[in-house]
Amino acid sequence: MDVGYETDGSGFEVIVAGAGPTGLTLACDLARRGVRALLVEQGGRLFPGSRGKGIQPRTQEVFDDLGVIETVRAVGGPHPTMRRWENGEPRGDWDMFQRYAPTPDVPYPEVWAVPQWRTQEILHTRLRQLGGDVAFGVTLTGLTQRDGCVEVRLAHGPDGREWIGRAAYVVGADGGRSTVRAALGIGRTGETVDARPAIVADVRVDGLGRDRWHVWPEPKGGGLALCPLACTDSFQLQAHFDDEDARPDISEAGVRRLIAERTHLAAHDVREVLWASHFRVEAALADSYRSGRVFLAGDAAHVHSPVGGQGLNTGVQDAYNLGWKLGLVLRHGADPALLDTYEHERRPVAAEALAVSTRLHRSARLTDRIPARRRGTATRQLAMGYRGGPLAAETRQGLPEDALRAGDRAPDGPCGDGRLFDLFRGPHFTLLAFGQVELPLVASSLVVTHRVPAESGDVCRAYAARGLFLVRPDGYVGWAGDRPGGLMDYLGRLGLS
């Protein structure tokens, strides 16, 4: 079987390896742009565990744009407060998270707890609505770049039958042990954050309230925590082993025994072990995000400590950054050099996210809690941006220190009968005009223009009340100016003038 990319438009233009949150997000974004993508997953089904369960505020905004935020909000909930147990008795509650109320510019202010398996189900459903799907049981075994395309060796079925797929571009979203990264020969720079082995599992447990995240920080052998998973009847188990040479038993009997040894619960209180895995905490960043026509995203590009909830979220936003750029190049004739900006923008963000999660993990270890320290604003990823980057064109002068600038996240806010996020939703750019500034005519269906009414007070304050702001498809200000001069040149760089 030959799945080919042909210049007459048949076949696939992008092959994405890995149907985790990163690969599914990218496939959804490409599908709504009319890009023909093949998403392959070596497993026979979507990943079954809860592993990455915290959806950060910025990622919720991504899901708003992709049309799935209502479902994500309906099947999740805020993380509960923590409860410490000792000798079978509760010893106090505390809140690990700073709580925030919605504001006009930030409609989703808190981390939202959704098991990873459910996030993937939601994205898979959305992908099918957009006309795409996942090719399960298909393994990418190698790739070769030649003649303006990438030839990918794919294996399928119990006999490992191979065929060649061809595409203009390939994206490796295939996890920390990425086959794509290995095939490219791209190394990783990193460290072991915590040499102690750890396990994560999904369990059904009797005898615990579902209104608290239960923590046993000081039993012999290592700490353990059980967090209720919203809109399910299960808990996520997290546990570490103080003995660095320990070999965690992740069998059902082993997980039951671990809970009985470290908590006041009995083994028979564990009704079912749904899924379990073991790991050691590492932090690593790929030395490059691109080789020719092949890109890395998600865990293939960066691996994090689970403390802080940065890994899944950073991967989703990798996909969100890359999707619109691939769409412009493949569908609208943008210069392929635009794709160079993917690494320029995303790799520094991943480096900062790695620093945040590593710092939080080490502070939790020092205080002997799982975890103990209240999260700050950095984990929310709302302040993440691309100021000074290759696609941030700020033409205004004399701005105050706190002014919104090119490269920043574009805030939400009430606007007319709706909200700015309603205007942004979709695969287009949005040109906002404030005040009496001239609103130029842009002859591109991918640029939607809108003059913001003067009575939109909250929005006008957030955007400095006057001027033009070109908001990229991923919700960041690309170009900002007091007048239209320079805007057409900027759009021309993107193939949109």
Side-chain angles (χ1 to χ4, degrees), residues 32 57-58 60-62 64-67 69 102-108 320-321 324-325 327-328 332 345 382-389 391-400 402-497:
R32 68 177 181 163
R58 180 60 189 144
Q60 292 177 59
E61 295 177 358
V62 174
D64 183 312
D65 182 49
L66 292 178
I69 188 59
T103 59
D105 60 323
V106 181
Y108 315 112
Y320 196 48
N321 183 285
W324 69 269
K325 296 171 182 179
L328 283 188
H332 300 281
E345 292 189 330
L382 291 170
M384 177 193 77
Y386 308 122
R387 282 192 189 187
L391 295 180
E394 179 56 70
T395 68
R396 299 167 297 167
Q397 303 294 322
L399 295 174
D402 60 350
L404 180 72
R405 300 169 189 263
D408 292 348
R409 163 191 169 271
D412 190 18
C415 183
D417 295 331
R419 306 184 63 81
L420 285 184
F421 277 9
D422 298 330
L423 295 177
F424 299 163
R425 193 176 300 113
H428 56 268
F429 291 75
T430 307
L431 181 61
L432 300 177
F434 293 83
Q436 299 303 309
V437 65
E438 176 188 352
L439 183 59
L441 177 64
V442 181
S444 172
S445 61
L446 276 186
V447 182
V448 175
T449 60
H450 184 83
R451 184 175 294 280
V452 179
E455 59 268 22
S456 302
D458 289 322
V459 170
C460 290
R461 282 189 291 274
Y463 285 80
R466 68 184 182 87
L468 292 165
F469 297 84
L470 181 70
V471 180
R472 304 173 1 172
D474 59 352
Y476 291 88
V477 178
W479 179 94
D482 292 319
R483 56 188 64 84
L487 174 61
M488 293 305 172
D489 289 340
Y490 183 89
L491 292 172
R493 291 170 53 198
L494 303 176
L496 297 175
S497 61

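- Of all non-hydrogen atoms in Leu423 and Cys415, the two that sit nearest each other are CD1-SG, 4.3 Å.
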- Query: Between Leu431 and Leu487, does a side-chain contact (heavy atoms from CB on, under 4.5 Å) hold up when you go through it step by step?
  - Reply: CA-CA 10 Å; Leu431 181 61; Leu487 174 61; 3.8 Å; yes

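- Between Leu399 and Glu394, some side-chain heavy-atom pair lies under the 4.5 Å cut-off.
- Considering all non-hydrogen atoms of both residues, Ala480 and Thr395 come closest at O-OG1, 2.8 Å.
- Proximity of Val452 to Tyr463: side-chain heavy atoms (C-beta onward) are nowhere separated by under 4.5 Å.
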- Task: Take Ile69 and Gln60 through the test side-chain contact (heavy atoms from CB on, under 4.5 Å) and record every step on the way to the result.
- Result: CA-CA 7 Å; Ile69 188 59; Gln60 292 177 59; 3.8 Å; yes

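- Screening Leu494, Leu441, Leu470 for a side-chain contact (heavy atoms from CB on, under 4.5 Å) with Val447, the sole residue that qualifies is Leu470.
- A 4.5 Å side-chain heavy-atom check between Asp65 and Arg32 finds at least one atom pair inside the cut-off.
- Of all heavy-atom pairs between Leu404 and Ala462, the closest is CB-O, 3.6 Å.
- Scanning all heavy atoms of the two residues, the minimum distance from Arg405 to Arg396 falls at CA-NH2, 3.8 Å.
- The CH2 atom of Trp324 sits 11.0 Å away from the CG atom of Leu446 when rounded to the nearest 0.5 Å.
- Counting heavy atoms from C-beta on, the side chains of Trp479 and Arg493 never come closer than 4.5 Å.
- In this structure, NZ in Lys325 is found 5.0 Å from CZ in Arg472, a value given to the nearest 0.5 Å.
- The shortest distance between side-chain heavy atoms of Leu439 and His450 does not fall below 4.5 Å.
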- Message: Set out, in order, the CA-CA distance, both residues' side-chain angles and the distance that settles side-chain contact (heavy atoms from CB on, under 4.5 Å) for Val62 and Asp474, then state yes or no.
- Response: CA-CA 8 Å; Val62 174; Asp474 59 352; over 6 Å; no

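- You'll find the side chain of Tyr476 stays beyond 4.5 Å of the side chain of Leu391, heavy atoms only.
- With values rounded to the nearest 0.5 angstrom, His428 atom NE2 is found 11.0 Å from Ser445 atom OG.
- Inter-residue side-chain proximity for Leu468 and Pro440 is flagged as met; some heavy-atom pair is nearer than 4.5 Å.
- Counting all heavy atoms, side chain and backbone alike, Phe421 lies closest to Arg409 at CZ-NH2, 4.0 Å.
- More than 12 non-hydrogen atoms from other residues, nucleotides or ligands lie less than 6.0 angstrom from CZ of Arg387.
- Salt bridge Asp422/Arg419: absent, no basic N to carboxylate O contact under 4.0 Å.
- Rounding to the nearest 0.5 Å places CZ of Arg425 at 11.0 Å from CG of Leu420.
- To the nearest 0.5 Å, the span separating CZ on Phe424 from CG on Leu432 amounts to 5.0 Å.
- Using a 4.5 Å cut-off on side-chain heavy atoms (C-beta onward), Phe429 and Pro473 make contact.
- When every heavy atom of Pro411 is checked against every heavy atom of Asp105, the shortest pair comes out as CB-CB, 3.7 Å.
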